[in-house]
Amino acid sequence: MGKIIAVVNQKGGVGKTTTSINLAAGLAYTGKKILLVDLDPQCNASHGIGADRNRSRNKNTTYEVLVDEDSASDNTVTLDMPPIDVLPASVDLAGVDIELASASYQVGREQLLKNKLNPIREKYDYIIIDCPPSLNLLNQNALTAADSVLIPVQCEYFALEGLTQLLSTIRLVQKLFNPALSIEGVLLTMFDARTNLSVEVQKEVRKYFKEKVYRCYIPRNVRLSEAPSREESIFEYDTRSEGAKAYAALVKEFLIQNEKGVN
Ligand SMILES: Nc1ncnc2c1ncn2[C@@H]1O[C@H](COP(=O)(O)OP(=O)(O)OP(=O)(O)O)[C@@H](O)[C@H]1O
Ligand SMILES: [Mg+2]
């Protein structure tokens, strides 16, 4: 039964998509069966890994899977490099909040993604959901479907700002829809060891989240920002880069934790 992990932070540009793609790819290269779900109307994960270009015409997107009868399994795109399945997003997702506010959806509209992922869970070891930078219905669907949340935190000013709100949303979803939801881990991203700021932010985040923070961190590395333009993960684009080494370390730490059954 695949474990579902939502990569969440309502703050924009903190490394959610970069982490979703590279964690998915890195896990796939260790032999795990992976589904990457793009739940963001910006479609960055779908474009950045080439899933959109490889999607055949008869396949739909997360949008139709959420609001129509479409199944998740009929609409996944299988890639060779990295060897993962992807459920691509579409810009139509931007309207989901308003559409689902209609009367016929009042009951269970937070459970739509969960209901669609449940039938294909057993095909995968891990299902990774790349979430949009908001705390709307799409994110509530992700948190309701997920077993755990992975929170990327950018080593920047105001890094912790908004996390209180994120944690209270998580607690609300736990109370209403998904009592078993846990925190998979907090990942420091775009770390720059040369700046005091990065070091200070790291201390703050570790003080706040304690052992939930991954020991490894992701450095600022230009290769990570270039890879999506080639529709590659960092493991195809530049396997010797610092970015690739960092995400490989995350994969290792993630697997050790999960094999120990910590979460
Ligand atoms: N470690 C890194 N080093 C350098 N650039 C990075 C790193 N991580 C991410 N980036 C770049 O920073 C930008 C934001 O990253 P990303 O798209 O992963 O964030 P996000 O949280 O998914 O953003 P959004 O909230 O808009 O979905 C992108 O241009 C990405 O290529
Ligand atoms: Mg993103």
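Just follow the structure's listing: the first ligand is 1, and inside any ligand the first atom is 1.
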If you measure from each non-hydrogen atom of Thr18 to ligand 1, which part falls under 4.0 Å: side chain, backbone, both or neither?
both

Tell me if the centroids of the rings in Tyr126 and Phe254 come within less than 6.0 Å of each other.
yes

Decide yes or no on side-chain hydrogen bond (donor to acceptor under 3.5 Å, both in side chains) for Asn258 and Lys3, but give the supporting numbers first.
CA-CA 10 Å; Asn258 277 286; Lys3 181 173 183 183; 2.7 Å; yes

Short N/O distance, under 3.5 Å, between Lys16 and ligand 1?
yes

Does Gly13, backbone or side chain, put an N or O under 3.5 Å from an N or O of ligand 1?
yes

Is the number of heavy atoms from other residues, nucleotides or ligands under 6.0 Å of Asn58 CG greater than 12?
yes

What about Val14: any of its N or O atoms under 3.5 Å from an N or O on ligand 1?
yes

Would you call Arg206 and Glu211 a salt bridge, taking side-chain N to carboxylate O under 4.0 Å as the test?
no

Under the side chain to side chain contact (heavy atoms under 4.5 Å, CB included) test against Asn75, which residue among Val86, Asp85, Val65 passes?
Val65

I want to know if ligand 1 touches Gly12 in the polar sense, i.e. an N/O pair below 3.5 angstrom.
no

Would you sort out whether Arg109 and Gln140 count as a side-chain contact (heavy atoms from CB on, under 4.5 Å), showing the intermediate values?
CA-CA 9 Å; Arg109 61 195 175 129; Gln140 287 167 23; over 6 Å; no

Contact between Pro219 and ligand 1, counting heavy atoms under 4.0 Å?
yes

Gap separating the CG atom of Asn22 from the OG atom of Ser233, nearest 0.5 angstrom
5.5 Å

Taking atom OG1 of Thr61 and atom CG of Leu93, what is their separation to the nearest 0.5 Å?
6.0 Å

Lys32 bridged to Asp125 by N-O distance under 4.0 Å
no

With a cut-off of 4.0 Å, which atoms of ligand 1 are near a heavy atom of Ile218?
1 (N)

Residue part near ligand 1, for Thr19, under 4.0 Å between non-hydrogen atoms
neither

Is there a heavy atom of Thr189 sitting under 4.0 angstrom from any atom of ligand 1?
no

Closer than 4.0 Å to some heavy atom of Leu224 - which atoms of ligand 1 meet that?
1 (N), 2 (C)

Could you say whether the N/O atoms of Asn44 and ligand 1 ever approach to under 3.5 Å?
no

For atom 5 (N) of ligand 1, what's the nearest protein heavy atom and its distance?
Ser225 CB, 3.7 Å

Atom NZ of Lys33: over 12 foreign heavy atoms under 6.0 Å
no

Does atom 13 (C) of ligand 1 have any protein heavy atom closer than 4.0 Å?
no

Quick test: of every protein heavy atom, which one is nearest to atom 17 (O) of ligand 1, and how far off is it to 0.1 Å?
Thr17 CB, 3.9 Å

Is it the case that ligand 1 has an N or O less than 3.5 angstrom from some N or O of Asn221?
yes

Keeping waters out of it, list the protein N, O or S atoms under 2.8 Å from the Mg ion (ligand 2).
Thr17 OG1

Can you sort out which atoms of ligand 1 are near Asp40, meaning under 4.0 Å from one of its heavy atoms?
27 (O)

Per-atom contact, atom 27 (O) of ligand 1, protein heavy atoms, under 4.0 angstrom
yes

shortest atom 7 (C) of ligand 1-to-protein heavy-atom contact is with Met190 CG, 3.6 Å

Are side-chain N/O atoms of Asp192 and Ser198 paired as donor and acceptor at under 3.5 Å?
no

Residues Gln202 and Tyr217: side-chain donor-acceptor under 3.5 angstrom
no

